[in-house]
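Here is the naming used below: chain letters follow the sequence lines, and residue numbers restart at 1 for every chain. Small disclaimer: the values here were computed from a predicted structure and weren't measured.
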2 protein chains.
Amino acid sequence: MAGSMELRHLRYYVAVAEALNFTKAAARLRVAQPALSRQVRDLEEEIGVDLLRRSPRGVTLTAEGKLFLEEARDLLKRTVEAVEKTRALARGEYGELPVGYSPSPTVDILPPALGAFQKSVPRVTVRLHDLAGNELADGLRNGVLELAIMQRPTGSNGAGLTFEPLQAYPICVAVAPGHPLAKLKVVPLARLAGEKLVVFRRQEYTDYHALLERVLQEVHPRPVIAVECDGSSSLITEVATGRGVAILSAVFGKTIGPRLKLRPLTPAPEPQEVGIVRALSGDVTPAGEKFCEHLRAVAGALGERGC
Amino acid sequence: MAGSMELRHLRYYVAVAEALNFTKAAARLRVAQPALSRQVRDLEEEIGVDLLRRSPRGVTLTAEGKLFLEEARDLLKRTVEAVEKTRALARGEYGELPVGYSPSPTVDILPPALGAFQKSVPRVTVRLHDLAGNELADGLRNGVLELAIMQRPTGSNGAGLTFEPLQAYPICVAVAPGHPLAKLKVVPLARLAGEKLVVFRRQEYTDYHALLERVLQEVHPRPVIAVECDGSSSLITEVATGRGVAILSAVFGKTIGPRLKLRPLTPAPEPQEVGIVRALSGDVTPAGEKFCEHLRAVAGALGERGC
DNA sequence: GCGCAGCGATGCTTTTTGGGCATAATGGCC
DNA sequence: GGCCATTATGCCCAAAAAGCATCGCTGCGC
């Protein structure tokens, strides 16, 4: 029963095969030459193949020795790589990070944070999942997502989750430039009474409709929904065409450009909060923590400049 | 100063990570559980990362542990593969075999031998080099080729080489079916006197011209060269067209088909010998030796059936 | 042609360390 | 709270690696 092969045998063999001289290789390895001789002999016995031709003036490699030298070098390299990968994973510098997000509310924060993150830890692959609010919540709870960047979950959507706010956006009304409300700097909530509304589809944007409900609950007569849109670009078009007004958070300021006017409401409703959502039970990976730091940094810079 | 990582650590870790239980893994490895515990702990210390979460009901893998499990499995697999490759090389079942050959004289032997060889040792890659006689000799001497299948080298071409005959082919004259010599079963050498010859180009076929010289040295008046061809197909065409006769060894019997008649000469000149040529100084690899055995087997079978 | 220098192998001893055994500590579960 | 399975610890032994001294070989130079 031969003693099993160990990495030591490979390290020793590579040293000898590179120095082509036991004595010099032993010096380099800081072991005595006889110890080295024996280990290499053991290796050859274990493999059952002569790797070296010994002579009084050094050693030469057999064909098998040349092949095994390459293999051994490769194995040793892969070994340190395996360890390095594992350490990098522990440091949050390697691996995959499944991140959920809702696109519209996060346009301010997510893109710059993502860019900075990728630059600082390029070996972490961020897997972005653009999902609806309830799907994000489910993904977090069942572990498919490690964290999500989104508006504060409401009601049962928030069960088992934590929310860390990054940014709060005032609720505004978006109107076409020619609309009577566009002339006001601040729009009293009551002025929305009876207005026609352009909204996102209820099915895909339940969070949006919860917000709508919250903002308009005291407005009488209640504005009526004129159009349902399946995305922000069509919503903007509809409002610009004069089909109605839209209730949007100030984060849309950059998205809608000059085509619409965005006016804060008074009295100001609770702002829309955007932040980091995680599962209470989920494990926090170092990469995820690093990502959060970038998010906070971006949000902080955004807050300073005002929004 | 931590003791270096060894394959033992990987073997032990994989066993524990698969069993998710130190005690059972220790039983499977046939070591005591404390020894196993210590080795795995040493490994974690060496890497500096917790790979396992210990609990009184077994162990679970951390994210780092999962990654390292895959890496360790892969490393162990590659290790046995490296050893296996080396052993296979020593057995002649792996590697590359550079073989030179002259195509025409070896059509009987090389293709079937090559086929059988590839089938018996598919992991050996035969690199075939179709070269002229002197290039083959040079390739063998400088080690680019391990062996060559060709006619017996003549003169200085054979210096430093060994020749092992596999097959001997009688020298014949090839004529068009309508040629007067076609009526003879055996052609007396003297009947070639004054004939027009179709030959291969001297530059590319020095061996052929040496053979020609040897066969025709006693024929007077010497046949005159009518056409020089750069390959066997054009040579066959020229002879069939009646431009002259050709001196060829009987190995061409299968190549020329029914378009030409091949008649042995009398008195029979020294036959053309085809065989294995190797460098005297060259090392004989097991794969090369195996290849030679296949060549001998094919030549033997060929000889039994007559040629 | 002889000695010398350089190299690897061998024999023996020392040191390290992996492994075994007994046992303690842990923590969930009934 | 005691019990059970499980892992960790302490101690000792044995195996094996490393060190040391020396031998044997071979090629080179004087």
Side-chain angles (χ1 to χ4, degrees), chain A residues 1-62 64-65 68-69 72 76 79 281, chain B residues 1-62 64-65 68-69 72 76 79 281:
Chain A
M1 193 84 159
S4 313
M5 193 169 83
E6 293 294 347
L7 290 178
R8 181 185 54 257
H9 295 115
L10 302 186
R11 294 190 196 101
Y12 284 13
Y13 174 71
V14 169
V16 172
E18 286 179 345
L20 293 176
N21 178 315
F22 275 86
T23 313
K24 284 172 191 142
R28 219 161 60 71
L29 292 169
R30 302 176 175 281
V31 295
Q33 169 264 316
L36 183 55
S37 281
R38 263 188 304 248
Q39 291 296 319
V40 174
R41 182 170 46 70
D42 290 350
L43 174 65
E44 289 179 288
E45 263 174 30
E46 170 85 11
I47 303 181
V49 173
D50 285 352
L51 302 175
L52 301 174
R53 268 184 295 268
R54 280 101 169 143
S55 88
R57 307 170 15 121
V59 293
T60 56
L61 303 187
T62 63
E64 291 80 10
F68 193 73
L69 173 59
L76 292 172
T79 304
S281 59
Chain B
M1 191 84 158
S4 314
M5 192 169 83
E6 293 294 345
L7 290 178
R8 180 186 54 256
H9 295 116
L10 303 186
R11 295 191 196 99
Y12 284 12
Y13 174 71
V14 169
V16 172
E18 285 179 347
L20 293 176
N21 178 315
F22 275 86
T23 314
K24 284 173 190 141
R28 220 161 58 70
L29 292 169
R30 303 177 173 283
V31 295
Q33 168 265 316
L36 183 57
S37 281
R38 261 189 306 248
Q39 292 295 318
V40 173
R41 181 171 46 73
D42 290 350
L43 174 66
E44 288 178 289
E45 264 174 30
E46 169 86 12
I47 302 180
V49 173
D50 284 352
L51 303 174
L52 301 175
R53 267 182 297 266
R54 283 110 170 132
S55 92
R57 307 168 16 122
V59 294
T60 57
L61 302 187
T62 62
E64 292 80 10
F68 193 72
L69 173 59
L76 292 173
T79 304
S281 59

Presence of B:Asn21 side-chain N/O under 4.0 Å of D:dT7 phosphate oxygens OP1/OP2: yes
Heavy atoms only, 4.0 Å cut-off, all strands: where does B:Arg8 land among base, sugar-phosphate and nothing? sugar-phosphate
Just to be sure I understand the rule, does B:Thr23 reach a base, reach only the sugar-phosphate, or reach nothing, if contact means heavy atoms closer than 4.0 Å? base
When the distance from CZ of B:Arg41 to P of D:dT7 is rounded to whole Å, what number comes out? 14 Å
Of all the choices, C:dG8, D:dT6, C:dG18, which nucleotide is nearest to the side chain of A:Phe22 once you look at every atom? C:dG8
Any carboxylate oxygen within less than 4.0 angstrom of a Lys/Arg side-chain nitrogen, looking at A:Glu6 and B:Arg11? yes
Tell me if the side-chain of B:Arg38 makes a donor-acceptor pair with the base of C:dG20, cut-off 3.5 Å, by modelled atom types. yes
Closest of C:dC12, D:dT7, D:dC25 to the A:Pro56 side chain is D:dC25
Figure out the NE2/P separation between A:His9 and D:dA16, and round it to whole Å. 11 Å
Quick check on D:dT7: is either OP1 or OP2 less than 4.0 Å from any side-chain nitrogen or oxygen of B:Ser37? no
Tell me the interatomic distance from B:Leu43, atom CG, to C:dG18, atom P, rounded to whole angstroms. 12 Å
Base, sugar-phosphate or nothing for B:Gln39? Non-hydrogen atoms, less than 4.0 Å. sugar-phosphate
Minimum-distance nucleotide (side-chain atoms of B:Pro34 versus D:dA17, D:dT9, C:dT10): D:dT9
Any heavy-atom pair between the side chains of A:Ile47 and A:Phe68 that's under 4.5 Å? yes
Min side-chain heavy-atom separation B:Leu20-B:Leu61 under 4.5 Å: yes
When the distance from CD of A:Gln33 to P of C:dG11 is rounded to whole Å, what number comes out? 14 Å
Looking for any heavy atom pair under 4.0 Å, which part of the strands does B:Arg30 touch: base, sugar-phosphate only, or nothing? sugar-phosphate
Distance, rounded to the nearest Å, where B:Asp42 contributes CG and D:dT9 contributes P: 11 Å
Would you say A:Lys24 reaches C:dG6's phosphate, i.e. side-chain N/O to OP1/OP2 under 4.0 Å? no
Any sub-3.5 Å donor-acceptor pair from A:Tyr12's side-chain atoms to A:Ala25's backbone N or O? no
Protein-nucleotide distance (A:Leu36, atom CG; D:dC20, atom C1'), rounded to Å: 16 Å
Side-chain (A:Glu44) to main-chain (A:Asp50) donor-acceptor, under 3.5 angstrom: no
Tell me: CG of A:Leu20 to C1' of C:dG6, nearest whole Å? 15 Å
d(CZ, A:Arg54; P, D:dG24) in whole Å: 19 Å
Where the side chain of A:Arg57 is defined as all heavy atoms beyond and including C-beta, which of C:dG11, D:dG27, D:dT7 is the nearest nucleotide? D:dG27
